[in-house]
A.B. asks: 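Attaching a single structure in structure tokens format; questions to follow.
As a basis for the values below, the full set of heavy atoms in this structure was taken, side chains included, without hydrogen atoms, waters or symmetry mates. Numbers restart at 1 for each chain; the letters A, B, ... are given by sequence-line order, proteins then strands.
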There are 4 protein chains.
Amino acid sequence: MMMTQKRDDILAAAQRLVSQHGFHGTSMSMIAAEAGVGAGTIYNYFPSKDDLMRALFMMIKQDFMQKVMAGVSPDAPLQESFGLMWANIIHYYLDFPDQITFAQQFHHSPYFDRACEEMMNTLLAPLVVPFEKAMSAGVIRPLPLPVLETFTLDVATSLARRHIKGEIILDDTLINLTAALCWSTLSPDSTRK
Amino acid sequence: MMMTQKRDDILAAAQRLVSQHGFHGTSMSMIAAEAGVGAGTIYNYFPSKDDLMRALFMMIKQDFMQKVMAGVSPDAPLQESFGLMWANIIHYYLDFPDQITFAQQFHHSPYFDRACEEMMNTLLAPLVVPFEKAMSAGVIRPLPLPVLETFTLDVATSLARRHIKGEIILDDTLINLTAALCWSTLSPDSTRK
Amino acid sequence: MMMTQKRDDILAAAQRLVSQHGFHGTSMSMIAAEAGVGAGTIYNYFPSKDDLMRALFMMIKQDFMQKVMAGVSPDAPLQESFGLMWANIIHYYLDFPDQITFAQQFHHSPYFDRACEEMMNTLLAPLVVPFEKAMSAGVIRPLPLPVLETFTLDVATSLARRHIKGEIILDDTLINLTAALCWSTLSPDSTRK
Amino acid sequence: MMMTQKRDDILAAAQRLVSQHGFHGTSMSMIAAEAGVGAGTIYNYFPSKDDLMRALFMMIKQDFMQKVMAGVSPDAPLQESFGLMWANIIHYYLDFPDQITFAQQFHHSPYFDRACEEMMNTLLAPLVVPFEKAMSAGVIRPLPLPVLETFTLDVATSLARRHIKGEIILDDTLINLTAALCWSTLSPDSTRK
DNA sequence: GATGAATGAGAATTCATTCAT
DNA sequence: AATGAATGAATTCTCATTCAT
């Protein structure tokens, strides 16, 4: 159906504008104009601005997950998958800086409520499962899941943000180095002297 | 003069409200009411909403720095200082959850411009210097400064946020564990097999 | 479409209110209420209060010009046209006192900028051309154009204002007398003893 | 008394600022700052902003009258006095362009009420009396007083304004020419063919 | 008299949302 | 479904005026 086309146009327009001007710098009329639709049309697809934003966030996260898992074999050893996923994450951010800007803004705003939280957890599950297995198997250090996420996802995000801001240059060498650093944090013997 | 009192009331009110409702959910009238002053009074102390927000951010960061360095001796070995600073950071966030909420919102909003960036760097300098020395001395692994900050400050911030959201409980055990994990990332031999 | 109706209502309301209360005594909400539209509606037609005022001024001046030139034949001798135009000007002011009040307020306010100036000159051109021709032909005394305008337009305006204020009564006799006085000022032999 | 000094400072400051920024572009605090007094102090001398503006207008008009009559002998023939007064008026405006700007703004604003009107008439009396006498004596054409004012004062004001705006240059030649033109309008035989 | 911090009513303007077409 | 003109509540900010010192 064509119904989906307009919806996508609106989401794409919103993403472009919000990453440039922020949530509150982006009005519904701006989105409508950028998407090439009437102002009222948006409300045929999204009940409110908040809903549009939430939908956009989810869309981005879904896309993110898909690209992060690209090429990852469920049977490969975690250390190997980890390196691949790490590179995927970083490249995603570098390829789509708008997305990270939007996602960060959204994530630290009052838009991000319990419902978002839960949907995100559901979405992240495929990423998390292999780590849980690895913990059970003693391949990586047993850690509370949120701590694990901090030392992996959050670190990658932080690095990407600093790259986008121009503080560092994430070339292959630095990507590999940081991947190795993170992995070492997870491996069971890392704090040995 | 009491001039300072009203200014502080306004800053405190702004902090409380923004951490709850976000920047754009917090109107100047709300701040005035919460601070117990007239709407126009705010403008005797801050030229605009933006300036008020920036001033608040800076104040928080200054306070943060002071509390993080509490008890840290410049002559102590870095590993020892590191543990102390780590605990200080975590405790600061746990003691003042409003601050971290506000600071994160601000940091990822369009309010945060070049000028803020630079003031922050100036402010963070005392924290950074010992690490640079340690790198030169080979005590810790040589890393670009932003990478170092990611693996220390940003990780601590992320952990604290997850504590505040209820995902984990940062008791002394977990604080020590995470400190050790971070430190191991920095130490020169951590990626050895 | 009815689009034009609302625009006109707004202009008419603005004109009435400003001639009574002055620019700054006339708020946008007052105009909206008087025009019977929502406060925001004005901004669908005019980007700002300034623009609304400028548009109104231009509209009035255009209307003025049209009415002043009514019945004036381009081929008639200037002295004859002059009498007609003079009567037209005076009658315009007497018929539309709001307009003159508004125009005078506007003209002596900071709203009146270079751009207004130039648009006015363009507008006045048809009025001015016959005088320039008459000067070349020696029918009237050669004078700098602004001086000519002073002795014609500005004098008529001043007389009309004094009528509106009740200082004089501009009946046909006085209109004819003043026209004759002005014309005598322009004719080449007027200062002869 | 020193009381007068501060009052004068305030009036002078107001005049400077209003001629630059207009009435509503000039706030009481601006005036206070420019005058070097506290914001509240103004209210010891003037009950309100409106009163201050009115007082300023009157002061200017008084000064104007004094300078216009400078060197005018009550016994001299009117034609001679007229030339002198004409030059005085023009020179006053050229010497004090701020005043004309302010006075025009004020005169066409709602600040200018009946009371102002009457005070102005009282003030202008010395200027008017000689003309009335000359009319009785048949030296000049009998005209309603407001018409006379239009053809003299208002014309001079208009010329001065056009000079200030750069449309013409009022050198001695043009001053004398325009004086002669105006005088001819007043003299009893001017409309003869 | 002098001060200037405090006030709060009021201004221009924005924008999410509605609804008649 | 699509439109976009209309709405009006809400926002930031200004400023004449007051009053405790």
A.B. asks: Check DNA chain F against residues 12-31 of chain B and give the residues with a non-hydrogen atom under 4.0 Å, in numerical order.
C.D. replies: B:T26, B:S27, B:M28, B:S29
A.B. asks: Can you list everything that forms a side-chain contact (heavy atoms from CB on, under 4.5 Å) with A:M119? Sequence neighbours excluded, please.
C.D. replies: A:M58
A.B. asks: Who passes ring pair (Phe, Tyr, Trp, His ring centres under 6.0 Å) against B:Y93, sequence neighbours left out?
C.D. replies: B:F64
A.B. asks: Could you check which residues of residues 36-44 of chain C get a heavy atom under 4.0 Å from DNA chain E? Sort them by number, please.
C.D. replies: C:G40, C:Y43
A.B. asks: Short of 4.0 Å, heavy atom to strand atom, which residues of residues 46-53 of chain C count as contacting DNA chain E?
C.D. replies: C:S48, C:K49
A.B. asks: Taking only residues at least two apart or on different chains, which pairs with a member in residues 56-66 of chain A satisfy side-chain hydrogen bond (donor to acceptor under 3.5 Å, both in side chains)?
C.D. replies: A:D63-A:K67
A.B. asks: Which dot-bracket string describes DNA chain E (Watson-Crick N1-N3 plus N6-O4 or O6-N4, or G-U N1-O2 and O6-N3, all under 3.5 Å; [ ] crossing; | other strand)?
C.D. replies: .||||||||||||||||||||
A.B. asks: List the residues meeting side chain to side chain donor-acceptor pair (under 3.5 Å) with C:D51, not counting sequence neighbours, and say none if there are none.
C.D. replies: C:S48
A.B. asks: C:H108 vs D:Q105, test: side-chain hydrogen bond (donor to acceptor under 3.5 Å, both in side chains). Steps then yes/no.
C.D. replies: CA-CA 5 Å; C:H108 298 100; D:Q105 286 216 25; over 6 Å; no
A.B. asks: Could you tell me how far apart D:I10 (CD1) and F:dA16 (P) are, to the nearest whole angstrom?
C.D. replies: 14 Å
A.B. asks: Would you call D:S109 and C:F23 a side-chain contact if the rule is heavy atoms closer than 4.5 Å?
C.D. replies: no
A.B. asks: Decide yes or no for B:H21 and A:P110: does some side-chain heavy atom of the first lie under 4.5 Å from some side-chain heavy atom of the second?
C.D. replies: no
A.B. asks: Would you say the ring centroid of C:F57 lies under 6.0 angstrom from that of C:F112?
C.D. replies: yes
A.B. asks: Give me each pair satisfying side-chain hydrogen bond (donor to acceptor under 3.5 Å, both in side chains) with a member in residues 24-44 of chain D, each pair once, sequence neighbours excluded.
C.D. replies: D:R16-D:E34
A.B. asks: Have B:Q5 and B:D9 got a donor and an acceptor in their side chains that come within less than 3.5 Å?
C.D. replies: yes
A.B. asks: Considering just the side-chain nitrogens and oxygens of B:K6, establish if one lies under 4.0 Å of OP1 or OP2 belonging to E:dA6.
C.D. replies: yes
A.B. asks: Can you name the side-chain contact (heavy atoms from CB on, under 4.5 Å) partners of A:A55, sequence neighbours left out?
C.D. replies: A:R7, A:L11, A:F46
A.B. asks: Please identify each residue that fulfils side-chain contact (heavy atoms from CB on, under 4.5 Å) with B:Q20, with sequence neighbours left out.
C.D. replies: none
A.B. asks: Could you check how far CG of D:D9 sits from P of E:dG1, rounded to whole Å?
C.D. replies: 15 Å
A.B. asks: What residues form a salt bridge (charged side-chain N to carboxylate O under 4.0 Å, His left out) with B:R161, not counting sequence neighbours?
C.D. replies: none
A.B. asks: Report the distance from atom OH of A:Y45 to atom P of E:dA16, rounded to the nearest whole Å.
C.D. replies: 20 Å
